Structures are given as C-alpha cells and as structure tokens.
Amino acid sequence: MISIERKYPKKLLILESILRRLPQDNPVYEKYLRQYKIAKHGYEGELRVDREWKEIQLELKHFLLHSYQKINDYGTTHQIDTIFLSCQFILLLEIKNISGTLVFDEDKHQFLRTQVDNTIESFYNPIDQIERHTILIKTIMNKMDLCIPIETAIVIANPATIIGVKPRDTLIFHVSGLRSKVNKLILKYPKPRITLEQLVSFKETLLEMYCDVELLPKFEKSNLVKGAICSNCNSSVPMKYTRGVFCCNRCNFTSRNAIFESLHDYRLLFDEWITNNRVRQFFGIESIYSANKLLKRANLVSYGNNRGRKYLIPNDILEKSK
C-alpha cells in the first residue's frame, strides 16, 4: 500500500518556469538548463523504480513511502527515495539514474562514474547517504521502543549502466532485480518482529513527521521576462493583452488561457498572492478594469476590500484552463 505518492518535484516546476522566462542568450540560462536536465533525469529514474514496485505482488502487509522528507533533530534534512515498511523488516532505497560505469570506493568513501569517453566524475557517495538515513529511522524506532531489522539498497534505474567495484555488504543492483531482492529479504526475515498495530503506528508517526524540505533553486527575479509567454513560439517577448485576449507579436498566436499559465509561473517565481496592481505591473496593462476582467476570468478566491483586496493563486491554477 502506497502511503506517500511520489509527486512531481517543485524544483522541476520552478526550473521549468525559469527556463520559460529566462532569455536563452542570458549567461545563466545554461546553468539552469543543466540543473533541470539533472533533476528531470533523477525523477524519471525514481518513476522507473516506482513502476517496478507496482508489478511486485506481495502477500505480507506493507507500506511504501516515496520521496520521504524530514528535518532531523540537528536541523539538517533527509530525503529518502523510498521507505518500505513491514512487520518483518524495513527497506530503505537510494535511487540513482546515472549512466556509464560506476565504482563504489569503500575505503575512500568515493562514488565515481566513468563515461564512454573515459571522463571520470565524482559524486556524493550514496552509501553514506543511505547510512545517514538508517540512523534517522533507527532513532525514531528507538523512541517508539521498536526493534525491526533495517536493510538498505542502492538501486540503479538506468539499464545501460555498468556496476563496477562495490562493497560486498551493500546491496547495489539494477531496478530489474528489485522483485528478487525483496523476495529474498522476505525469506531472510520470515517472522514478524512487531505487530500490525505497531507497524501502522510507526507509519503514522513517520507521516506526522513528514515535511517539505525540498531544496529549491535560487534565481534573480530581475532576469525573468514578465507577462504572458507565447506557448506557440516561446518568444521571450511577452504577449500583448488587447480586447480580452493575449496576442504574440512574433507569430500572431492568440490565447485567452495564457492568464492561467502566467499565474502558474507567477505563483512559483514571485508570490502566491496577487493584486490588481501587481497584475497590471506583471502583464503591462494600464487599465484597472481590464486587470479586473482578467482576475474574474481566473476565478481566484479574494480577501479584503477595495484597494486592500488580494487574490490567492491556487496550486491547481492550470486545471482552470481546461
């Protein structure tokens, strides 16, 4: 049973909005594009492993917590790709969607990747990451007076990746081996270590401790193009609002729904609250009446009266355009 679904990362949403509104000739454009490609690649690898979980039919009662996030007692963050909870054992997964040949240097605590052109790169060691997460889960278990074996694994989501040198006592395998590894753990721990009631209580405790600690990209708002961006040609010149529609000066594409796409970006990049004055500033509209028409079309919940009125842009603003 999935207790926490994996959501599309807010980091990716923000990077997508930045790339839409950052001219490609801007010196920092490539930096954000690289960040986006890396984050998107990692997310796609996590989804690949999630699909594998859905195909595994298990008789034992269990819970899956995907992309679990928490701040520990020292104020630092934990982002655990997947937590598998059962009465027999706990399994923590660290998912890597990296190509090339991977080497896990146990003595030096290094994680190296050699590409086809023999370029060698060093990354943060996922073994150290998963051991750190293990300490967190053990600490929580100790406070609840629970004793359950904790197993850890590094799952490689890219089928073309070659797993080279690795420690013998660390589970590192391709995603295709997930079913086999889980079944072996079930055989290794045939008897329950806690009751189902305790398992549910432990799961609920983890859910209560969950908090959104996703590290978000930093950016200069002054570099971003304001207004409605043409979805047809992606011109960095904002669309012009006239007679109730947005029109692109480059390709003459017109849209009434550009307001929803633009407010989606505004919420991610600037603020979840917007006013009539900010609408006029953002979209380059002079008329208070025209700005009010746009706000009514967006059907936003408002608070306050007259000049103090502000509007809340919801998370699902894009759904209103459908």
Side-chain angles (χ1 to χ4, degrees), residues 6-50 66-67 69 76-82 93-105 109-130 132 154-164 174-175 212-227 229-238 261-262 264-270 318:
R6 196 180 305 282
K7 298 178 181 178
Y8 195 76
K10 187 176 181 180
K11 178 180 181 179
L12 280 175
L13 290 172
I14 291 176
L15 286 170
E16 287 168 355
S17 294
I18 290 173
L19 293 173
R20 269 194 298 273
R21 297 184 173 275
L22 190 63
Q24 293 189 20
D25 59 358
N26 190 297
V28 297
Y29 182 87
E30 288 298 325
K31 179 185 77 170
Y32 290 110
L33 182 60
R34 284 195 302 272
Q35 288 183 23
Y36 174 75
K37 288 180 177 179
I38 292 171
K40 186 69 178 294
H41 196 59
Y43 175 65
E44 290 171 347
E46 292 166 356
L47 292 182
R48 172 69 183 85
V49 179
D50 293 351
H66 294 307
S67 193
Q69 302 176 42
T76 54
T77 63
H78 289 261
Q79 292 179 298
I80 308 175
D81 290 335
T82 293
L93 296 188
E94 181 71 23
I95 301 168
K96 294 299 178 185
N97 193 18
I98 301 177
S99 60
T101 300
L102 307 183
V103 172
F104 298 82
D105 191 324
H109 291 261
Q110 279 187 331
F111 176 46
L112 304 176
R113 185 262 295 270
T114 302
Q115 300 192 67
V116 178
D117 62 358
N118 290 325
T119 301
I120 299 177
E121 295 176 277
S122 177
F123 299 91
Y124 191 84
N125 190 357
I127 297 176
D128 294 333
Q129 288 178 297
I130 206 73
R132 177 173 172 268
I154 313 257
V155 182
I156 308 302
N158 189 331
T161 300
I162 298 173
I163 301 174
H174 281 284
V175 60
D212 190 350
V213 293
E214 187 176 355
L215 297 177
L216 303 178
K218 297 180 180 180
F219 56 93
E220 287 291 335
K221 296 179 181 179
S222 59
N223 289 333
L224 305 179
V225 175
K226 295 181 179 180
I229 302 298
C230 179
S231 60
N232 186 55
C233 70
N234 296 317
S235 172
S236 59
V237 178
E261 299 159 359
S262 302
H264 168 75
D265 286 352
Y266 188 94
R267 188 185 196 281
L268 288 169
L269 302 176
F270 297 96
L318 286 178

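Quick caveat: nothing in here was measured; it's all calculated off a predicted structure. What you see below is based on every heavy atom in this structure, not just the backbone, and it leaves out hydrogens, waters and symmetry mates.
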Quick one: does [X]'s side chain get under 4.5 Å of [Y]'s, heavy atoms only?
X	Y	answer
Glu261	Ile229	no
Gln129	Ile154	no
Thr82	Val49	no

His66 and Glu46: side-chain contact (heavy atoms from CB on, under 4.5 Å), yes or no, with the steps? CA-CA 9 Å; His66 294 307; Glu46 292 166 356; over 6 Å; no

So, for [X] and [Y], which heavy atoms are closest and what is the spacing to 0.1 Å?
X	Y	answer
Ser99	Thr161	CA-OG1, 3.4 Å
Tyr29	Gln24	CZ-CG, 3.6 Å
Asn97	Glu44	ND2-C, 4.3 Å
Pro126	Glu94	CB-CG, 3.9 Å

Hey, could you give me the [atom1]/[atom2] distance between [X] and [Y], rounded to the nearest 0.5 Å?
X	Y	atom1	atom2	result
Leu112	Phe123	CG	CZ	9.5 Å
Gln110	Ser122	CD	OG	5.0 Å
Asn158	His41	CG	NE2	5.5 Å
Ile95	Arg48	CD1	CZ	11.0 Å
Lys221	Leu269	NZ	CG	8.5 Å
Ile156	Ile98	CD1	CD1	7.0 Å

Residues which pass side chain to side chain donor-acceptor pair (under 3.5 Å) with Ser222, listed by chain and number, not counting sequence neighbours: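 With neighbours one apart ignored, the set is empty.
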
Set of residues satisfying side chain to side chain donor-acceptor pair (under 3.5 Å) with respect to Thr76, sequence neighbours excluded: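 Asn72, Arg132.
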
Is a side-chain donor or acceptor of [X] paired with a backbone partner of [Y] at a separation under 3.5 angstrom?
X	Y	result
His109	Asn125	no
Gln69	Val213	yes
Thr101	Ile162	no

Test log, rule side-chain contact (heavy atoms from CB on, under 4.5 Å), inputs Lys96 and Arg113: CA-CA 12 Å; Lys96 294 299 178 185; Arg113 185 262 295 270; over 6 Å; no

Please tabulate, for the side chains in residues 10-22, all donor-acceptor contacts under 3.5 angstrom to protein atoms that are two or more places apart in sequence or on a different chain.
| from | atom 1 | to | atom 2 | distance (Å) |
| --- | --- | --- | --- | --- |
| Glu16 | OE2 | Tyr8 | OH | 2.4 |
| Glu16 | OE2 | Tyr36 | OH | 3.2 |
| Ser17 | OG | Leu13 | O | 3.2 |
| Ser17 | OG | Arg20 | NH2 | 3.1 |
| Ser17 | OG | Asp265 | OD1 | 2.7 |
| Arg20 | NE | Asp265 | OD2 | 3.2 |
| Arg20 | NH2 | Asp265 | OD1 | 2.6 |
| Arg21 | NE | Asp265 | OD2 | 2.9 |
| Arg21 | NH1 | Val225 | O | 2.9 |
| Arg21 | NH1 | Gly227 | O | 2.7 |
| Arg21 | NH2 | Gly227 | O | 2.8 |
| Arg21 | NH2 | Asp265 | OD2 | 3.4 |

